[in-house]
Engineer: 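The structure's right below; bear with me while I get my questions together.
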2 protein chains.
Amino acid sequence: MPRTSDGDGTPVPQRLLAAATRLFAEQGYDRTSVQEIVEAAGVTKGALYHYFGSKDDLLHEVYARVLRLQQERLDTFADADEPVDKRLRDAAADVVVTTIENLDDASIFFRSMHHLSPEKNKQVRAERRRYHERFRALIEEGQQAGVFTKETPADLVVDYHFGSVHHLSTWYRPDGPLSPQELADHLADLLLRALRP
Amino acid sequence: MPRTSDGDGTPVPQRLLAAATRLFAEQGYDRTSVQEIVEAAGVTKGALYHYFGSKDDLLHEVYARVLRLQQERLDTFADADEPVDKRLRDAAADVVVTTIENLDDASIFFRSMHHLSPEKNKQVRAERRRYHERFRALIEEGQQAGVFTKETPADLVVDYHFGSVHHLSTWYRPDGPLSPQELADHLADLLLRALRP
DNA sequence: GGCGCCAGACTAACCAGTCGGTATGCCCGA
DNA sequence: TCGGGCATACCGACTGGTTAGTCTGGCGCC
């Protein structure tokens, strides 16, 4: 009964995406063969190339999914009806929690950018920039309002914080002493303290 | 006259290392063929395998060089005869400058760890940990002395800062408005402000 | 009877590492 | 001072294995 799914109920494209995400995170993009992916998803190459144009395409889909999710969440927090320092704090903490919940995505995101074709890379960078700008705007708003110090350019602060978020996939261990939320609170504290006038 | 160097004066092993560093940073480890490396260095495979055991070995050498340099510099700053907040500030700013001066090394470092053989990976991690501990000790010393807040565990602060340093290779552009030193000062400021009690 | 969905053999390209061979300088005995 | 043995430094063709992507065909639903 071949009809976009079998065995378990999830559709083939999603199974492929899930398998690819896990394998890319574990072994890296180049070290993962298309053969491995299709075996992990319980299908064959025919299926993969039916739904995706190339291996590169598969990677691009992973990026698209992550970007969409993060942007949505940021918008939610940034648009909330709260004082700017609370909005920033919530957004900063949320991105940490979300990243931890999708650690595979995160390690792929930063480690495999250069495997995307130039045009897809450009596209991802553009979306990434939008995200960055939104976050920066939040900080600038606080700086104008006098809630945050103006000593450090907002751009730098954003990169400082996201550097640490990016780094999470390198050192965070689920069996560590801190829950994702506790960790997120700490990191958000660091950011907010660094912004204190 | 083949005798460890020719054309320019630099010895062949160093030429190979330099070529490999550049290419690994530009294209990633897997995307760089041994053939490309030897061509960039102006030799052939015979030469490469004469000096290095494997492609993996070459990568390991890059890591060894970076680790040695960073550890040396950290030790210098941490052992200085200065108050703890100045020592931390200097160390934190120096690692930024050094990283910018060797951006290729930095992007390889975090992007290609998983390409090292398991045992070499372990070795690199161990050395990395030593570095981390030294830095953490500095922060803990300040916390004990009451110069830094104890609100955030020292470990976390270290990862927070190095996350941003790591991230540098992603967004830093030499033609940007800030000199490496200015940027380093800003990032060190952020760290110190986040640690203010 | 056609179309979406997929299987799996096949191909053309590439790549790390090997290996037999060559060239050069150095040491040491005669 | 000569020469021959030996080590170091390197060359480049070759091999065995792997890989992304193609293509032909078949199965079942509408």
Side-chain angles (χ1 to χ4, degrees), chain A residues 1-21 23-24 26-62 108 112 114-121, chain B residues 1-21 23-24 26-62 108 112 114-121:
Chain A
M1 69 203 60
R3 186 93 278 157
T4 76
S5 83
D6 64 354
D8 56 34
T10 37
V12 170
Q14 291 181 35
R15 289 223 309 276
L16 282 165
L17 218 45
T21 302
L23 290 168
F24 288 164
E26 271 171 20
Q27 327 178 349
Y29 178 79
D30 275 316
R31 305 288 249 239
T32 304
S33 69
V34 170
Q35 195 57 43
E36 278 179 284
I37 299 172
V38 297
E39 271 165 25
V43 292
T44 62
K45 283 191 173 192
L48 192 151
Y49 283 98
H50 178 71
Y51 290 109
F52 300 93
S54 63
K55 186 183 173 188
D56 179 89
D57 237 47
L58 207 47
L59 180 60
H60 185 67
E61 276 305 311
V62 176
I108 295 172
S112 303
H114 60 298
H115 291 132
L116 285 170
S117 69
E119 69 184 285
K120 282 178 192 150
N121 196 303
Chain B
M1 68 201 62
R3 188 95 277 158
T4 77
S5 83
D6 66 352
D8 57 35
T10 36
V12 170
Q14 291 181 35
R15 289 224 307 277
L16 283 165
L17 218 45
T21 302
L23 290 168
F24 288 165
E26 272 171 18
Q27 327 178 347
Y29 179 80
D30 276 317
R31 306 287 248 241
T32 304
S33 70
V34 170
Q35 194 58 42
E36 279 180 284
I37 299 172
V38 297
E39 270 166 25
V43 293
T44 62
K45 283 193 174 189
L48 192 152
Y49 283 97
H50 178 72
Y51 290 108
F52 300 93
S54 62
K55 187 184 173 188
D56 179 89
D57 238 46
L58 207 49
L59 180 60
H60 185 67
E61 276 305 309
V62 176
I108 295 172
S112 304
H114 60 298
H115 290 131
L116 284 170
S117 69
E119 67 183 288
K120 282 177 190 148
N121 196 304

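Below, each value reflects all heavy atoms present in this structure, side chains not excepted, and no hydrogens, waters or symmetry copies. To find a chain, count down the sequence lines: A is the first, B the second, and so on, and within it residues start at 1.
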Engineer: Please determine, for the side chain of A:T44, which listed nucleotide (C:dA7, D:dG21, D:dC10) has the closest atom?
Structural biologist: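 The closest nucleotide is C:dA7.
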Engineer: How many angstroms lie between OG1 in A:T44 and NE2 in A:H50, if you round to the nearest 0.5 Å?
Structural biologist: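 So the OG1 of A:T44 and the NE2 of A:H50 are separated by 11.5 Å.
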Engineer: Give the rounded distance in Å between these two atoms: CD of A:E36 and C1' of D:dA20.
Structural biologist: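 Computing the A:E36:CD to D:dA20:C1' distance gives 13 Å.
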Engineer: What would the secondary structure line of DNA chain D be in dot-bracket form, counting Watson-Crick and G-U wobble pairs under 3.5 Å, with [ ] for pairs that cross earlier ones and | for pairs with another strand?
Structural biologist: ||||||||||||||||||||||||||||||
Engineer: Could you check A:G46 against A:Q35 and say which one's nearest nucleotide on DNA chain D is further toward the 5' end?
Structural biologist: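 Checking each residue's closest nucleotide, the 5'-ward one belongs to A:Q35.
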Engineer: Rounded off to whole Å, could you give me the CG-to-P distance for the A:D30 and C:dA16 pair?
Structural biologist: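 In whole Å, C:dA16 P lies 11 Å from A:D30 CG.
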Engineer: How many angstroms lie between CG in A:L58 and OH in A:Y51, if you round to the nearest 0.5 Å?
Structural biologist: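 Separation between the atoms: 13.5 Å.
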Engineer: State which of D:dC11, D:dG21, C:dG17 makes the closest approach to the side chain of A:K55.
Structural biologist: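 Given the options D:dC11, D:dG21, C:dG17, the side chain of A:K55 is closest to D:dG21.
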Engineer: Could you check whether A:K55 makes a cation-pi contact with A:Y29, meaning its NZ or CZ is under 6.0 Å from the centre of the six-membered ring and within 45° of the ring axis?
Structural biologist: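 Pair A:K55/A:Y29 counts as cation-pi.
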Engineer: Using atom CG of A:L58 as one end and atom C1' of D:dA20 as the other, report the distance to the nearest whole Å.
Structural biologist: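 These atoms are roughly 13 Å apart.
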Engineer: Round to a whole Å and report the spacing from CD of B:E39 to P of C:dC14.
Structural biologist: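 Nearest whole value for this atom pair: 13 Å.
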Engineer: OP1 or OP2 of D:dG12 sitting under 4.0 Å from any side-chain N/O of B:K45?
Structural biologist: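 No, no such contact exists.
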Engineer: Classify the nucleic acid contact of B:S33 as base, sugar-phosphate or nothing, counting any heavy atom under 4.0 Å across all strands shown.
Structural biologist: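 Answer is sugar-phosphate: B:S33 comes under 4.0 Å of backbone atoms only.
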Engineer: Examine distances only and state if a side-chain atom of B:D56 and a backbone atom of B:S117 form a donor-acceptor pair shorter than 3.5 Å.
Structural biologist: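 At least one qualifying donor-acceptor pair exists.
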Engineer: Measure from CG on B:D57 to P on C:dA16 and round the result to the nearest Å.
Structural biologist: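 Roughly 14 Å, once rounded to whole Å.
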Engineer: How long is the gap from CZ on A:R15 to CD1 on A:I37, to the nearest 0.5 Å?
Structural biologist: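 Here the interatomic distance stands at 14.0 Å.
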Engineer: From the set C:dC6, D:dA9, D:dA20, return the single nucleotide nearest to any side-chain atom of A:Y49.
Structural biologist: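 Looking only at side-chain atoms, A:Y49 lies closest to D:dA20.
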Engineer: Send over the distance from A:Y29 OH to D:dA20 C1', rounded to a whole Å.
Structural biologist: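 Atom OH in A:Y29 sits about 9 Å away from atom C1' in D:dA20.
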Engineer: Side chain of B:A47, heavy atoms from C-beta onward: which of C:dC6, C:dA16, D:dC10 has the nearest atom to it?
Structural biologist: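 When the side chain of B:A47 is considered, D:dC10 is the closest of C:dC6, C:dA16, D:dC10.
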Engineer: Is the distance from OP1 or OP2 of D:dA9 to the nearest side-chain N or O of B:H50 less than 4.0 Å?
Structural biologist: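 Yes, B:H50 has a side-chain N/O under 4.0 Å of OP1/OP2 on D:dA9.
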Engineer: Looking at A:S112 and A:H115, would you say the former's side chain and the latter's main chain have a donor-acceptor pair under 3.5 Å?
Structural biologist: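 No; zero donor-acceptor contacts below 3.5 Å.
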Engineer: In whole Å, I'd like the distance from the CZ atom of A:F52 to the C1' atom of C:dC6.
Structural biologist: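 My rounded result for the distance is 14 Å.
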Engineer: Can you tell me how far the CD atom of A:Q27 sits from the CD atom of A:E36, to the nearest 0.5 Å?
Structural biologist: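 Rounded to the nearest 0.5 Å, the CD-CD separation comes to 4.5 Å.
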Engineer: To the nearest Å, how far apart are B:I37 CD1 and C:dG17 C1'?
Structural biologist: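 Checked: the CD1 to C1' distance equals 13 Å.
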